[in-house]
Amino acid sequence: MNRPGQIEGLPQVDEAVVGLGVDAVASGGIGEAVGIRQGDVIEAINGESVRDPIDYRFHIAEETVEVVLRRGQDVIVVDIEKDTDDDLGVTLSEMPIIKCNNKCVFCFLHQMPRKMRKTLYYQDDDYRLSFLHGAYVTLTNLSDAEFQRIVEQRLSPMYISVHATDPDLRGTLLGRTEPVDVMERIGFLAKHNIQMHAQVVLCPGLNDGQHLKRTVFDLAQWYPSVASVGIVPLGLTRYRRNLPSLDPVTPEVALSCLDQAGAWQGRLHRRFGVNFVYFGDEFYLMAGRRIPEAAHYDGFPLVENGVGMVRRFTDRFETGFPALESLNCNRISMTMVTSVLGAGFIRPMAESLNRIPWLTAHVVEVKNRFLGEGITVSGLLTGEDILHALKTQWRETDVVVLPPNCISHHGLFLDDLTPNDLEQALKCRFSIGTYDLAETAARIARGDARPGASGDPMATQHPYILPHQVA
């Protein structure tokens, strides 16, 4: 069963389509009272088409509403009088997702192996998901009417995949044969007070150096409407075939980018009072640089994009550690599974945990053999790679703690193995961690940690990433 925000199995469309299905009708609600049934399709409210939950919420907020329903071949019109804040008491179907019309040269989905589950190939570019869930969109597939809708319904903030402001370069990066100007569209949204956050996927030799500088300062012209620019590295898997040749972000490239942008951040901070441009955590970890303090991130506007996530994680640990030290528990040992990059900040945490008399913590660093060792983040680890690393590195402990972002909301690793499969193979208890390591350790010590195989198999909800953003 799909859960809110997930897109497993949903159809892809070229544009938003009219009609939103009713999955359930609450007993005693307005919908039941006026005769709305499960299976009905809401097509219009007060003469305005309904394409998605945004339309529904926008138009239902009136005291008098006329709802047009389709029931099989019949069209039914229902007139309702209610308080402005009253809902109809219906559960709505998931909306079809607008598909991407680009072929970005760095697209991760084009580098996946075949015959895996649908969500791993789901290439969306839906401005509604940008507003609802913070998904990044290119704005290349929107009509004038859809831009007007963004303005009329105040779909703000929007998260925009810019990559480059030079139209020719942007067209190349998006895999198109013609230039693609983004500044005109950003200017339109800015003039109508729509807040935006911009993203650059850094491709060495293409949109770095002077091109990156131009992109940052072109976008800065629209501050505060363009509130931030997040720069993240491209990912290259071992399955990349028959695609444009791209260079990886190496430690040397990461260090050069951070040094280059340091001067920009100083200039922009003097102008705006914020750094405006922020790098993904991978840049600091690859370059061997210390993750900046929390103040650097100006309220963490882009943490769901891997910008400042490590700082949030480490600060939570430091805040929760004193309470963990004060616990009086039976002795317990745990193994913390992490990625190549994650090991850099997980190992010092393990050293702190090992100062607690009743706790022993080990770290197992997992190399990504499935997608290639150039993929170094924990969210893309497979069950098979974790199992291999544990077999070769593991010291037997009471429990093995998995990173929460390597488990889908269906309880699966990327390769469709489950924590239960690993438990059976190693005859050891597994637990899915949270985004607060001190809390995770305390739960394990108390015996109430989220199970890995028994009970609810789902991973912990990310505190700032929504379910649809996780495969």
Side-chain angles (χ1 to χ4, degrees), residues 1-3 5-10 106-124 233-243 248 282 306 335-343 346 363-394 399-435 450-462 465 467-471:
M1 182 178 70
N2 288 342
R3 295 179 173 87
Q6 291 181 318
I7 56 176
E8 178 76 51
L10 291 178
F106 51 81
C107 182
F108 199 84
L109 302 187
H110 296 163
Q111 307 175 67
M112 293 294 295
R114 295 181 179 181
K115 298 182 180 180
M116 301 184 72
R117 61 180 181 273
K118 288 183 179 180
T119 50
L120 300 179
Y121 310 99
Y122 207 106
Q123 192 173 348
D124 65 89
L234 84 167
L236 302 176
T237 81
R238 69 184 182 92
Y239 294 97
R240 187 176 180 86
R241 299 286 188 275
N242 302 316
L243 294 169
E282 291 165 77
T335 297
M336 296 182 293
V337 171
T338 189
S339 63
V340 171
L341 281 184
I346 293 294
V363 176
V364 167
E365 177 183 323
V366 183
K367 291 183 179 179
N368 200 319
R369 303 184 308 156
F370 179 72
L371 292 175
E373 293 189 9
I375 304 300
T376 55
V377 295
S378 60
L380 294 172
L381 293 176
T382 63
E384 185 63 38
D385 282 346
I386 291 172
L387 184 60
H388 177 268
L390 287 169
K391 285 181 175 179
T392 56
Q393 301 177 45
W394 183 47
V399 62
V400 175
V401 182
L402 298 169
N405 60 346
C406 71
I407 305 291
S408 79
H409 278 68
H410 295 92
L412 299 171
F413 291 104
L414 193 66
D415 54 358
D416 287 346
L417 291 179
T418 69
N420 183 65
D421 295 326
L422 273 59
E423 285 192 352
Q424 296 300 313
L426 292 177
K427 307 303 180 187
C428 175
R429 183 165 67 96
F430 277 70
S431 177
I432 301 171
T434 72
Y435 290 90
R450 178 176 287 271
S454 58
D456 182 358
M458 292 197 315
T460 301
Q461 172 97 4
H462 195 292
I465 294 181
H468 91 279
Q469 296 172 300
V470 183

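Residue numbers run from 1 in the order of the sequence given.
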Task: L414 vs L371 side-chain heavy atoms within contact, under 4.5 Å - done: yes
Task: Any residue meeting side chain to side chain donor-acceptor pair (under 3.5 Å) with T237, in chain and number order, not counting sequence neighbours - done: none
Task: From T335 atom OG1 to L426 atom CG, the distance as rounded to the nearest 0.5 Å - done: 10.0 Å
TODO: Could you walk me through whether N405 and Y435 pass side-chain contact (heavy atoms from CB on, under 4.5 Å), step by step?
DONE: CA-CA 9 Å; N405 60 346; Y435 290 90; 3.1 Å; yes
- [ ] Kindly state each residue pair satisfying salt bridge (charged side-chain N to carboxylate O under 4.0 Å, His left out) with at least one member in residues 383-393, sequence neighbours excluded.
- [x] R369-D385
Open item on the list: Between R241 and Q111, is there a side-chain heavy-atom distance shorter than 4.5 Å?
Closed with: no
Open item on the list: Just so I know, are the side chains of C406 and I386 near enough to count as touching, which here means a heavy-atom distance under 4.5 Å?
Closed with: yes
TODO: Taking all non-hydrogen atoms of both residues into account, name the closest pair between G383 and L417 and its distance.
DONE: C-CD1, 3.8 Å
TODO: Begin from the C-alpha positions of Q123 and C107 and carry the test side-chain contact (heavy atoms from CB on, under 4.5 Å) through to its verdict.
DONE: CA-CA 9 Å; Q123 192 173 348; C107 182; 4.2 Å; yes
- [ ] Taking all heavy atoms of A389 and all of V366, pick out the closest pair and write down the distance.
- [x] CB-CG2, 3.7 Å
- [ ] State which residues pass side-chain contact (heavy atoms from CB on, under 4.5 Å) with V340; sequence neighbours excluded, sorted by chain then number.
- [x] E365, K367, T376
TODO: Could you check if a side-chain atom of F413 sits within less than 4.5 angstrom of a side-chain atom of P419, using non-hydrogen atoms only?
DONE: yes
- [ ] Work out which heavy atom in P404 is nearest to a heavy atom in G433; give both atom names and the distance.
- [x] CB-O, 3.2 Å
Task: Closest heavy-atom pair and its distance - L234, L236 - done: CD1-CD2, 3.5 Å
TODO: Would you indicate whether the side-chain heavy atoms of V363 and T338 approach each other to under 4.5 Å?
DONE: yes
Open item on the list: Under the rule for side chain to side chain donor-acceptor pair (under 3.5 Å), what residues qualify as partners of S339, not counting sequence neighbours?
Closed with: none
Open item on the list: When you compare the side chain of I375 with that of F108, does any pair of heavy atoms fall below 4.5 Å?
Closed with: yes
TODO: Check side chain to side chain donor-acceptor pair (under 3.5 Å) between E282 and all other residues, then give those that pass, not counting sequence neighbours.
DONE: none
Task: Side chain proximity check, T418 to L412, heavy atoms < 4.5 angstrom - done: yes
- [ ] Check whether any side-chain heavy atom of W394 lies under 4.5 Å from a side-chain heavy atom of V337, and answer yes or no.
- [x] no
TODO: Kindly say whether F370 contributes a backbone atom to a donor-acceptor pair with the side chain of R238 at under 3.5 angstrom?
DONE: yes
Task: Gap between atom CG of L402 and atom CG of L422 - 0.5 Å precision - done: 7.0 Å
- [ ] Could you pull out all residues at least two apart from N368 that satisfy side chain to side chain donor-acceptor pair (under 3.5 Å)?
- [x] none
- [ ] Would you check, one step at a time, whether the test side-chain contact (heavy atoms from CB on, under 4.5 Å) holds for L243 with H110?
- [x] CA-CA 8 Å; L243 294 169; H110 296 163; 4.1 Å; yes
Open item on the list: Quick check for you: to the nearest 0.5 Å, what is the distance between M112 atom CE and R240 atom CZ?
Closed with: 13.5 Å
